[in-house]
S.K.: 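The following block contains the structure, expressed as structure tokens.
Here the structure is a predicted model, which is why all the values come from computation and not from measurement.
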Amino acid sequence: MNAAALEHRIATVRRFNRFYTQKIGVLGERLLNSPFSLTEARVLYELALRDHATATELRRDLGLDPGYLSRILAGFRRRGLVSRASSETDRRQSHLSLTQTGRAAFAPLDACSRDEIATLLASLPEPDQRRLVAAMEQAERLLDSSPPKVPYLLRPPAAGDIGWVISRHGALYAQEYGFDRDFEALVAEIAAKFITELDPRRERCWIAEREGEPVGSVFLVKGCYREITLWTQSVLVAARHIYKAAGFRLIRSEPHHSFGQELVGETWDLTF
């Protein structure tokens, strides 16, 4: 990436941050005309979700400075919003819970936040609401470094999935390896043949899905089921690692010029 492209992306993210924080009303000294700051409201929210939270958990999950969090919790205790009890298993830890007063203070804040988001969504037509929510989910997935919270699902292809396979291959291999349109054409040819000549007794396609979105695909076409043969390229390091871990053996490699690149094609076999 060149410097100009990087600066443009940085400016775009900063512009969105300014726009969104103003849009949802978090720039004021108090959140949603409540007696709480944004950080205090977030701590209250986490306490409302958990039966017995610890300061260590809150600090880790919210990324707060220990001293800052300690001052917030001390203020909550003085106002009767939070109770603290020693852990029965670890005396060094204390379990924190909202008191009835704390839950009463949190309830209108929670309701107001929900109503404001509902109003924001209601200003958009239904298709735009879906697009906005999908974009937010995508941003969360891209920026969250923790393992996926939802397991992957393998399912048969649905309408539109084969088109997605072709489109995604064309875009991804152009982006990562510089392949030209010949590769997308090859994928389209293979996918079309799979549909038109499918033998449902001996051939299968699986779509990998996570959180309702396709993320991968596998095609198995008939040949001799005593072995499975894969054709790949030496530059696909991650894929080759998967094949090797699954028991495939590299049996042949040969250089070729395809998809606008000088490549080394590889044939891998798995024998049963």
Side-chain angles (χ1 to χ4, degrees), residues 1-2 4-6 8-9 12 127 130-131 134-135 137-139 141-142 148 152-272:
M1 183 195 311
N2 60 43
L6 176 60
H8 172 72
R9 293 176 186 179
T12 300
R130 292 196 299 268
R131 289 174 56 202
E137 290 174 339
Q138 176 75 348
R141 285 194 295 270
L142 290 173
Y152 290 93
L153 169 69
L154 282 179
R155 60 167 176 78
D161 280 335
I162 303 301
W164 174 84
V165 169
I166 298 168
S167 172
R168 192 62 187 134
H169 272 75
L172 190 62
Y173 280 77
Q175 173 186 330
E176 295 197 2
Y177 303 107
F179 285 15
D180 63 17
R181 293 180 179 179
D182 288 347
F183 178 71
E184 189 169 354
L186 174 64
V187 176
E189 180 183 344
I190 294 171
K193 184 177 180 181
F194 179 83
I195 295 174
T196 57
E197 301 181 10
L198 175 65
D199 181 351
R201 298 172 304 169
R202 302 174 62 191
E203 298 181 315
R204 289 289 187 276
C205 168
W206 295 273
I207 301 295
E209 179 182 290
R210 182 164 68 88
E211 296 181 342
E213 296 292 332
V215 293
S217 62
V218 176
F219 288 76
L220 179 65
V221 295
K222 62 186 177 183
C224 174
Y225 280 151
R226 289 190 295 272
E227 65 179 9
I228 298 177
T229 300
L230 294 168
W231 184 62
T232 188
Q233 310 301 322
S234 62
V235 294
L236 276 64
V237 177
R240 295 171 78 254
H241 178 74
I242 293 173
Y243 303 151
K244 186 175 181 180
F248 283 84
R249 295 182 303 106
L250 175 63
I251 63 170
R252 185 169 57 256
S253 62
E254 53 188 0
H256 64 105
H257 180 86
S258 301
F259 322 128
Q261 302 292 321
E262 297 296 332
L263 300 168
V264 177
E266 296 182 345
T267 301
W268 293 66
D269 268 9
L270 176 63
T271 303
F272 299 97

S.K.: Can you check whether Tyr173 reaches Leu236 side chain to side chain, under 4.5 Å on heavy atoms?
M.R.: yes
S.K.: Mind checking whether Arg141 and Glu213 have side chains closer than 4.5 Å, heavy atoms only?
M.R.: yes
S.K.: Keeping to residues at least two apart or across chains, list the salt bridge (Lys or Arg N to Asp or Glu O under 4.0 Å) pairs with something in residues 249-268.
M.R.: Arg240-Glu266
S.K.: What closest approach, in Å, do Cys205 and Pro157 show between heavy atoms, and which atom pair accounts for it?
M.R.: O-CD, 3.3 Å
S.K.: Please report the interatomic distance CG(Leu250) to OG1(Thr267), rounded to the nearest 0.5 Å.
M.R.: 8.0 Å
S.K.: If we only count heavy atoms from C-beta on, is the Phe219 to Glu203 side-chain gap below 4.5 Å?
M.R.: no
S.K.: Any chance you could measure Thr229, atom OG1, to Trp268, atom CH2, to the nearest 0.5 Å?
M.R.: 13.0 Å
S.K.: Hey, could you give me the OG/CD1 distance between Ser167 and Ile162, rounded to the nearest 0.5 Å?
M.R.: 12.5 Å
S.K.: Show me, pair by pair, the donor-acceptor contacts under 3.5 angstrom made by side chains of residues 175-198, not counting sequence neighbours?
M.R.:
| residue | atom | partner | partner atom | Å |
| --- | --- | --- | --- | --- |
| Asp180 | OD1 | Asp182 | N | 2.9 |
| Asp180 | OD2 | Gly260 | N | 3.0 |
| Thr196 | OG1 | Ala192 | O | 3.0 |
| Thr196 | OG1 | Lys193 | O | 3.4 |

S.K.: If you count heavy atoms of other groups shown closer than 6.0 angstrom to NE2 of His241, is the number above 12?
M.R.: no
S.K.: What heavy-atom pair brings Gly265 and Trp231 nearest, and what distance separates the two atoms?
M.R.: CA-NE1, 4.0 Å
S.K.: Give a yes or no on this: more than 12 heavy atoms of other residues, nucleotides or ligands lie within 6.0 Å of atom NE2 of His8.
M.R.: no
S.K.: Find out whether Phe248 and Ile242 are in side-chain contact, i.e. whether some heavy atom of one side chain is under 4.5 Å from a heavy atom of the other.
M.R.: no
S.K.: So which atom in Asp161 and which in Pro156 form the shortest heavy-atom distance, rounded to 0.1 Å?
M.R.: OD2-O, 4.4 Å
S.K.: Working to the nearest 0.5 Å, report the span between CD of Gln233 and OG of Ser258.
M.R.: 7.0 Å
S.K.: Is any side-chain heavy atom of Val165 closer than 4.5 Å to a side-chain heavy atom of Ile207?
M.R.: yes
S.K.: Less than 4.5 Å apart, side chain to side chain, heavy atoms only: is that true for Tyr243 and Leu270?
M.R.: no
S.K.: Quick one: closest heavy-atom pair of Ser253 and Val264, and the distance?
M.R.: CB-CG1, 4.0 Å
S.K.: Side-chain contact test, heavy atoms from C-beta onward, threshold under 4.5 Å: evaluate it for Leu142 versus Gln138 and give yes or no.
M.R.: yes
